[in-house]
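To keep things clear, I will list the structure first and then write my remarks on it.
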Amino acid sequence: MKHIVVIGNGVAGSTAARHVRKRSDHKVTMISDENPLFYSRTALMYIYMGHMTVKDTQPYDYDFWKKNRIDLIQSRVTNINTKDQVLTLSNKQSVAYDSLVIATGSCSNKFGWPGQDLEGVQGLYHLQDLTTMENKTKNAKNAVVVGGGLIGIEMVEMLLTRGIKVTMLVRENGFWTNVLPKEDSDFIGNHISKHHVEMRYATELKEIIDDGSRHVKAIVTNKGDTINADFVGLTVGVHPNTQIVSGTEIETDRGILVDSNLQTSIKNVYAIGDCAQIRKPVAGRRPIEAVWYTGKIMGETVASHICDQPKEYDPGIWFNSAKFFDVEYQTYGTILPNPPENQESFFWKSSTKEVAIRLNFEKDTQHFVGANLFGIRGRHHVFQDWIKNKNTIKEVLEQFGHANFDPEFFKKYELEIIASFNTKYGKNISLKSKKGLGFLKGLRFSGR
Amino acid sequence: MNSVVSDKKFIELSSPQKIWLSVFALSLFMLFVALFGGGAKYPKVFLISTFGIGMLSGIVFIRKTYAYETAGIKNNFIMMMKHTAKGSTAWFFGILFTSFYVCLYWHADLLENLVRMVDPISYMLRAKAADQWFLYGTFYTACVLVMGYRMLLKYRHSRYQTVRTLSVMFFQLVFSYLIPSFLAKLNQPEFYFTYFWPLKYDALFPGSVASLRQSGNVGVFMLFWSVAMIAIATPLLTYFYGKRWYCSWVCGCGGLAETLGDPYRQLSDKSLKAWKTERVMIYSVTVLITITTILVWLDSVYGGGILGTLSASMKKWYGFFIGAAFSGVIGVGFYPLLGSRVWCRFGCPMAAILGILQKWFSKFRITTNGGQCISCGNCSTYCEMGIDVRWYAQRGQDISRASCVGCGVCSSVCPRGVLNLENGPKATRVLDEVSLVNMLHDKNKA
């Protein structure tokens, strides 16, 4: 029996611990100083908005961890001794390990702006950030959120529920244009504007001004405009939290460097989730992918690597999701802001509802490569199969009903989408399958 | 953070909201005046100033609250407001509702002035004087309609919720209020076509059967209806659609829970202990009503010769503890403290039978969409039946639980489009944890 120690109880760490237990009888310990239990980081906004309490965001309670013999320690790891395989904790406790899994997540970026450490200026990543935000926004009237990404837009939504007037500074010319193609970005930007947010595109933060008591009073943009603010959200991305390995022999770059088995430069030490940087990522993927799902996939991979046999990390077909105010977003496969030379990109937007779809396919082979969905839910399995099996765009559109995951009675858009496609490309494709589970007939699904 | 804090900070009512809330408060005051004598003295005046003004101001207030924000889930501050997070306002309403039920079941004489107040409607609809049950039915229907309107606005981005809410409003108004009243007017049995044994526990008691048989062809049809609904329609509809066809589309108890109870759905207990208690209780009640029904029949056949007073006293005690105290006083009275589906979850024998059918003999499931779950917890939090939906969703499993009433709110509140209520081949339900790695590499189809 080995002792597997996991540092960090976020989704990556918790998944790793849980899967080690599923696959083995090893002793498992999970150490975190953020919160005694695993909670869903993606749900932080809902706590602030009063949809849920912290307790509601914790997927498993104490009994679960106890029953699964996963020991929880709430403390900070102050030293990793990779030679003797021993950790020192801030509570002076020593913990010896056979395998160590580092899953310390990310830290919010700050780019050295004057005044960035003033009171009322913060990012949003940790539970502690939420407590600070709660306190600092109690009497706030005006806020500025810097950075037009996912956490930024969440912060805007949070602040608006408290009746705070929000200005958002976005460096690019549109919302999230480093990820979304232009029409998609405009579509979301248009939705955001319905929520009375003052969007300032192509605008960057220059400095944050002190009110004389070490608290923010206003900000100045790179265009010289001054905007009054008693709260400033800095949501200009995150970077891997590698602090824990500084001073050790564990190699780092931007993140903790890992090989295809998620092992660091030191044997028996692994890094997973946001803090890990893959040395040789698979084609088309980035070395650091700080999203929920990759953390989960890595957690499962490392557990099976430690318990069963050597296992390579393979993230499969990319997928992700988000919600911009009232519009849900899902993406499957690779959709770049500007399609590569050999790709055709088809965008359709409903004329009546806030629904839009983008479908990319290769020009020569007609192979379907990916989709963006806005305000309409897609079936994960189906999109994944289409991309993996290299179905043609014609086949995809003919079977488009299968991919519809909207609830019953929702308006269906398949016919409109196909008609629009036919018009644009001079095709004559017709819908052959309707929405529903009929296509699963004869298939049997198993868990393992 | 997370504790119940002053409502004032979060709820800043607009002027129109303040005005209409005040009008509503006035109608509540008139209700008290009616209770203490006014109702019997000036029925029409008080009908208008209580029900009329109350429903109107309620509807306008709701409109002012919901219609001016964008469509979508806005459960803002639910965990912080006294009213919805078991604060003082919740206790106030809990005690108010409960006291009303206690009077209704055991001291209807105290409600006499209110009963007289609804006489004009009763004469119009039923051609006879009102009793406490007609008063109750009128209140009940008013609540379902006004709070149903609230549901329609709050979930207007979801056609599933719109259609379902219209359904419960329709069945309450037409089948549980107008049709029974109309039947009474025609001197026929006041029959409820949407309540069957064992929820309406005395529906198949010898006394009920005998009285229906004496009522000629209409009565015989009603008897046939009662038996056919529970014996044929229930298994068939549940096979195709799950128990939701009844619990969250047709049933009056469900109708009230889905409308008046919606602000309290998050209060359901999600602990494992509550699930265990639920299973023991709901099946015990089902066994109890089955035995009682059999005993009552034995007693009727053998004329009390063998069983003595046993069946009569069981019938009486079931009516007291389960029929009145559990389903009414606790089930609805404690909405603001225990959540909206306490009776449906822990007590209703009809739900128990539907649940067994749903779990083992139905095409229904809530599909989990591949690996898209982010474990946020909205689904579990807003499940009125206390199902830990997230437990399944984050493991890629479909949700196939006996207690699920198919309200669809988990799917509505999910920010990532993970959950969907679907009917499909039973064998395609995914009932074990799915490894995300396997799912991504397509190793789950066997």
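Order of the sequence lines fixes the chain letters, A, B, ..., with proteins taken first and strands second; residue numbering starts at 1 for each chain.
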Worked verdict on Val418(B) versus Phe405(A) for side-chain contact (heavy atoms from CB on, under 4.5 Å): CA-CA 9 Å; Val418(B) 176; Phe405(A) 199 69; 5.8 Å; no
Chi angles and distances behind the salt bridge (Lys or Arg N to Asp or Glu O under 4.0 Å) call for Lys435(A), Glu422(B): CA-CA 11 Å; Lys435(A) 171 185 169 186; Glu422(B) 295 189 294; over 6 Å; no
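- Taking every heavy atom of both residues into account, Leu419(B) and Arg377(A) meet most closely at O-NH1, 3.6 Å.
- Heavy atoms from other residues, nucleotides or ligands lying under 6.0 Å from NZ of Lys390(A) number 12 at most.
- The minimum heavy-atom distance linking Phe410(A) with Tyr160(B) is given by the pair CE1-N, 3.8 Å.
- Comment: Lys270(B) does not engage Asp56(A) in a salt bridge, judged by the lack of any side-chain N to carboxylate O separation of less than 4.0 angstrom.
- We find the OH-SG distance between Tyr293(A) and Cys373(B) to be 7.5 Å, quoted to the nearest 0.5 Å.
- With respect to the salt-bridge test (charged N to carboxylate O, under 4.0 angstrom), the residues Lys194(A) and Glu69(B) do not qualify.
- Without hydrogens or angle criteria, Gln384(A) side chain to Leu440(B) main chain gives a donor-acceptor distance under 3.5 Å.
- Interface remark: Asp398(B) contributes no atoms to any contact with chain A (heavy atom separation under 4.5 Å).
- A donor-acceptor distance shorter than 3.5 angstrom exists from the side chain of Lys296(A) to the backbone of Gln394(B), with no hydrogens or angles considered.
- Heavy-atom minimum distance, Asn420(B) versus Glu408(A): OD1-N, 4.4 Å.
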